Amino acid sequence: MGEAMKKLAMATTVAMLAFVAMLVQPAVAGGPLDEQKGFDCLVLDANGAPVVTSNTHWIVYSSGKAVLTCSAAGPAPASGKSFNVLNEGCRGLDYRITYQTKRRISRNGDIQFVCTFDSSESPTLTRSSGGAVGAS
């Protein structure tokens with residue numbers, strides 16, 4: 001009976017280690033590969049005029065998903081009401097292009113522009129040292 005208990009204990013230990021590894025793997029694999037802040041981003045205000053901001057954040061996850069966020073202040077909309085604009089073009093820091101975007105203009109003119117890049121939108125390997133990203 002002692003040998004059977006050792007085998008059972010070994011099997012239980014192996015199963016527990018496999019379970020823990022399965023839980024930890026997504027947390028580690030989903031971490032950011034690249035994260036940057038403070039670069040120039042071109043967004044459009046309530047009147048469609050360009051505004052350059054450096055209130056920015058770029059993050060790329062190991063899954064390939066990336067998110068670009070640009071925030072700026074602009075003039076209040078003539079209507080006095082906030083509004084959203086969806087599906088504008090956006091270029092990420094790795095030169096991927098997406099139309100999965102949302103530009104929110106608040107009633108006081110604050111601009112929040114968010115672009116989401118799927119892993120299926122593969123990045124270009126070259127990157128320049130300057131230039132604005134954002135709405136196109």
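Treat the numbers as computed from the prediction; the structure is a model and nothing was measured.
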I'd like to know if the side chain of [X] reaches the main chain of [Y], judged simply by a donor and an acceptor atom lying under 3.5 Å from each other, with no hydrogens or angles considered.
{"X": "S106", "Y": "S82", "result": "no"}
{"X": "S54", "Y": "F39", "result": "no"}
{"X": "R103", "Y": "A46", "result": "no"}
{"X": "N47", "Y": "A49", "result": "no"}
{"X": "T98", "Y": "T116", "result": "yes"}

Minimum side-chain heavy-atom gap F83-P77 below 4.5 Å: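 Yes, at least one pair of side-chain atoms sits under 4.5 Å.
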
Side chain to side chain, R91 and L42, heavy atoms closer than 4.5 Å: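 R91 does not reach L42 side chain to side chain.
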
Ignoring hydrogens and angles, state whether a donor on the side chain of [X] or [Y] is under 3.5 Å from an acceptor on the partner side chain.
{"X": "N87", "Y": "Q100", "value": "no"}
{"X": "Q112", "Y": "D110", "value": "no"}
{"X": "Q36", "Y": "H57", "value": "no"}

Evaluation steps, side-chain contact (heavy atoms from CB on, under 4.5 Å), between W58 and D34: CA-CA 8 Å; W58 166 255; D34 184 21; 3.4 Å; yes

OG on S71 to CD1 on I111, rounded to 0.5 Å: 9.0 Å

